[in-house]
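I have placed the structure first, in the form of structure tokens, so that the comments after it can refer back to it.
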Amino acid sequence: MGAGRSVEPVTTADVGLDPIGLLIGTDRPAVTSAGLHRHVFPGTGESNATVALAGATEVDLSVSVAVEAQREWFGLTVDQRRDKLIDLADVVRVHLGELAELNTRDYGVPISYAGNAVMLDQFLRHFAGYVDKPHGSSTPVSGSTDLNFIEREPYGVVGVIAPWNGSLVVAAACVAPALAAGNAVLFKPSELAPLAALRFGELCLEAGLPPGLVNILPATADGGDALVRHPGIGKIHFTGGGDTARHILRAAADNLTPVVTELGGKSANIIFDDADLDTAAARSAHQGPLMQAGQSCACASRILVHDAVYDAFVERFLAVISSARVGDPLDPTTGFGPVISEAALVRILGVIGDAVDRRSGRLLTGGGRITEGALAQGYFVEPTVLGDVDNRSALAQNETFGPVVSLIRFTDDHEAVRIANDTPYGLNAFIHTRDLVRAHSVARQLQSGSVWVNQGSRISPQGPYGGYKQSGSGRTGGLEGLREFQQVKNIRIGMS
Ligand code: NAD
């Protein structure tokens, strides 16, 4: 989504707000090679901040600063590095409310959904625990008495690129393990959602991390491209859409820079005929159109329902959706908020209109923009459900990234698995059943990096989380997530 997108830089004179600078070391450059971006709060459509954008010049400067900081960081004892990460987690914990609010201001996610800030706290503590644990091993070697040992080392300076819906999640799942492994980070949030990431960078300094260890570079695609192409970057960790991933993989090929990709999904949520329908309906509504207005990689946008319970499920599901409280994302009682931008709103309404025109399914609820009262100023799309959707349709095959879900009927387990696997994606899958043998059997057959049984997605620091097929190539969380930021060295010492 948005690959190659560029924004029209604005000048300070265009908006009456002081621009927020990047964070490079301890410097806050607000006059940069890539200009400024007027940030818009999706809840009101109004500009609430102006941010500086990083370009090639700022990427280059950040790499130099980060190289020095990484040397200092990796020169500390493991106790010191572990304790610094725990200090950072403590500082983050004190600022959870503030981070949650900035996260809401970033992209309009309801503040009641404060999970992203909490994740940051959890992941930092988890990965701090790895710093002083064994990272290497030794092994005998054939035909000699040599000492052969294997060490895991940091890449040096790594680039972490985040989507607009996940700068705190990416700080948690990628920056925390990168630091634990001994790297310095150039962290590039989307220009659409830079506020929480910038505050996180400030908190890193407040916690006593070496200046330059974590640099925050809000940027458009152009700044991101400069980051990917910089020869001083040891590895790129990218979270975002598949089209952007293709650009990045091509750009990274010039320097043969390794890239991890965490991409989108078209996750199936399978409701078997023995499921507890009330619970399944509530979970499916939250995991589908309601959670972040469907703007989550974990959105279960295809709900596969057994024919025998289809009508009973649909009735319950629509009742939950109609009870969702739509409103100002900063109001703690709001459960359903806006989409990220006017452009996203137009695109999502286009997807719905196209699906209706092509008779991909029957529109059961929603389908339009919410224009009641103050909501008309923001970018609110009604939670939208289409029934009896054809899984071969564009609606069922492509990530919509909005509050739109498809209901699809199936008649037996075999058919459910076949439909669930029949997309290019493989990020999450959900199963609702009381039969644990069925749950195990179906889970094994699903082509998906995560399978959640009788629950929604609950991404934990212990992980691993990531995609099959076109949903990505690496993992975040746990040892697998740490390993993404370590390279392996074999050292062999002759003993004779
Ligand atoms: P996007 O692909 O448009 O942008 C992601 C990031 O890449 C942004 O920071 C953007 O500025 C940057 N970028 C764009 N073009 C670039 C280029 N040529 N070189 C370098 N950087 C570039 O995605 P988005 O619209 O910000 O986010 C939505 C997507 O992210 C969805 O597909 C969603 O599923 C995915 N996502 C995945 C996960 C996961 O963990 N798998 C988590 C959250 C979001």
Side-chain angles (χ1 to χ4, degrees), residues 1-7 34 37 51 53-56 59 106-107 109 116 119 159-174 186-194 197 216-230 233 236-252 254 257 259-267 291-301 339-341 343-344 347-348 398-402 424-428 448-450 457 459 463-477 481 484:
M1 313 180 69
R5 173 187 54 206
S6 234
V7 290
H37 174 69
V51 288
L53 294 172
V59 168
D106 262 339
Y107 66 100
V109 63
N116 293 353
M119 271 178 80
V160 172
I161 301 178
W164 52 260
N165 74 328
S167 63
L168 287 182
V169 173
V170 170
C174 307
L186 266 56
F187 183 25
K188 189 205 104 48
S190 165
E191 80 280 8
L192 299 178
I216 312 291
L217 304 176
T220 65
D222 295 340
D225 186 66
L227 173 58
V228 173
R229 290 180 187 279
H230 199 288
I233 297 288
I236 292 288
H237 198 298
F238 170 72
T239 307
D243 288 343
T244 311
R246 289 180 185 88
H247 280 272
I248 287 177
L249 287 164
R250 284 188 202 105
D254 283 351
T257 308
V259 180
V260 178
T261 56
E262 289 279 341
L263 309 178
K266 194 71 193 179
S267 301
M291 183 171 67
Q292 306 201 58
Q295 304 167 112
S296 163
C297 61
C299 175
S301 51
V339 299
I340 179 71
S341 63
R347 181 183 58 75
I348 293 163
N398 302 328
E399 188 183 45
T400 307
F401 226 58
Y425 296 102
L427 191 57
N428 291 279
S448 174
S450 295
S457 58
I459 297 170
Y465 184 77
Y468 277 30
K469 302 194 284 187
Q470 292 189 22
S471 288
S473 60
R475 292 294 178 271
T476 59
E484 302 288 3

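Each ligand, and each atom within it, is numbered from 1 in the order the structure gives. Counting from 1, the numbers follow the sequence of the chain as shown. Because only heavy atoms are used, hydrogens play no part in the values below, and waters and symmetry mates are left out as well, while side chains stay in.
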Indicate, as side chain, backbone, both or neither, the part of [X] found under 4.0 angstrom from ligand 1 when only non-hydrogen atoms are considered.
X: Ala162; value: backbone
X: Glu399; value: side chain
X: Ile248; value: side chain
X: Asn165; value: side chain
X: Ser471; value: neither
X: Thr476; value: neither
X: Ile161; value: side chain

Please name the pair of heavy atoms, one in [X] and one in [Y], separated by the smallest distance, quoted to 0.1 Å.
X: Cys174; Y: Thr476; answer: SG-CG2, 4.1 Å
X: Pro194; Y: Val51; answer: CG-CG1, 3.6 Å
X: Ala54; Y: Ala219; answer: O-CB, 3.5 Å

In Å, rounded to the nearest 0.5 Å, how long is the span from [atom1] of [X] to [atom2] of [Y]?
X: Asn398; Y: Lys266; atom1: CG; atom2: NZ; answer: 7.0 Å
X: Cys297; Y: Leu263; atom1: SG; atom2: CG; answer: 9.5 Å
X: Tyr465; Y: Ile459; atom1: OH; atom2: CD1; answer: 4.0 Å
X: Ile216; Y: Lys188; atom1: CD1; atom2: NZ; answer: 11.5 Å
X: Glu484; Y: Glu262; atom1: CD; atom2: CD; answer: 8.0 Å
X: Glu191; Y: Asp222; atom1: CD; atom2: CG; answer: 9.5 Å

Task: Stepwise side chain to side chain contact (heavy atoms under 4.5 Å, CB included) test for Leu186 and Leu227 - done: CA-CA 8 Å; Leu186 266 56; Leu227 173 58; 3.6 Å; yes
Would you mind listing which atoms of ligand 1 come within a distance below 4.0 Å of any non-hydrogen atom of [X]?
X: Tyr465; result: 40 (O)
X: Gly264; result: 32 (O), 34 (O)
X: Gly241; result: 1 (P), 2 (O), 23 (O), 29 (C), 30 (O), 32 (O)
X: Ala219; result: 11 (O)
X: Ser190; result: 9 (O)
X: Leu427; result: 41 (N)
X: Asp225; result: 19 (N), 20 (C)

Task: side chain to side chain contact (heavy atoms under 4.5 Å, CB included) between Ser167 and Phe187, intermediate numbers included - done: CA-CA 9 Å; Ser167 63; Phe187 183 25; 4.3 Å; yes
Say whether [X], considering both its backbone and side-chain N or O atoms, lies within less than 3.5 Å of an N or O atom on ligand 1.
X: Val228; answer: no
X: Trp164; answer: yes
X: Gly265; answer: no

Where the closest heavy atom to [atom] is concerned, which of [options] has it?
atom: atom 14 (C) of ligand 1; options: Thr244, Leu263, Ile236, Asn428; result: Thr244
atom: atom 30 (O) of ligand 1; options: Gly224, Ala344, Gly240; result: Gly240
atom: atom 36 (N) of ligand 1; options: Cys297, Ala251, Ala245; result: Cys297

TODO: Say whether Gly472 and ligand 1 are in contact under the criterion: heavy-atom distance to a ligand atom below 4.0 Å.
DONE: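 Distance cut 4.0 Å: Gly472 fails for ligand 1.
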Task: Close approach, Cys299 and ligand 1, non-hydrogen under 4.0 angstrom - done: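 The answer is no, since Cys299 has no heavy atom less than 4.0 Å from ligand 1.
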Open item on the list: Using the rule side-chain contact (heavy atoms from CB on, under 4.5 Å), only one of Val339, Ile340, Val109 pairs with Gln292; which is it?
Closed with: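 When Val339, Ile340, Val109 are each tested with Gln292, the side-chain contact (heavy atoms from CB on, under 4.5 Å) holds only for Val109.
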Task: Thr239 vs His237, side chain to side chain contact (heavy atoms under 4.5 Å, CB included): CA-CA, chis, key distance, verdict - done: CA-CA 7 Å; Thr239 307; His237 198 298; 4.1 Å; yes
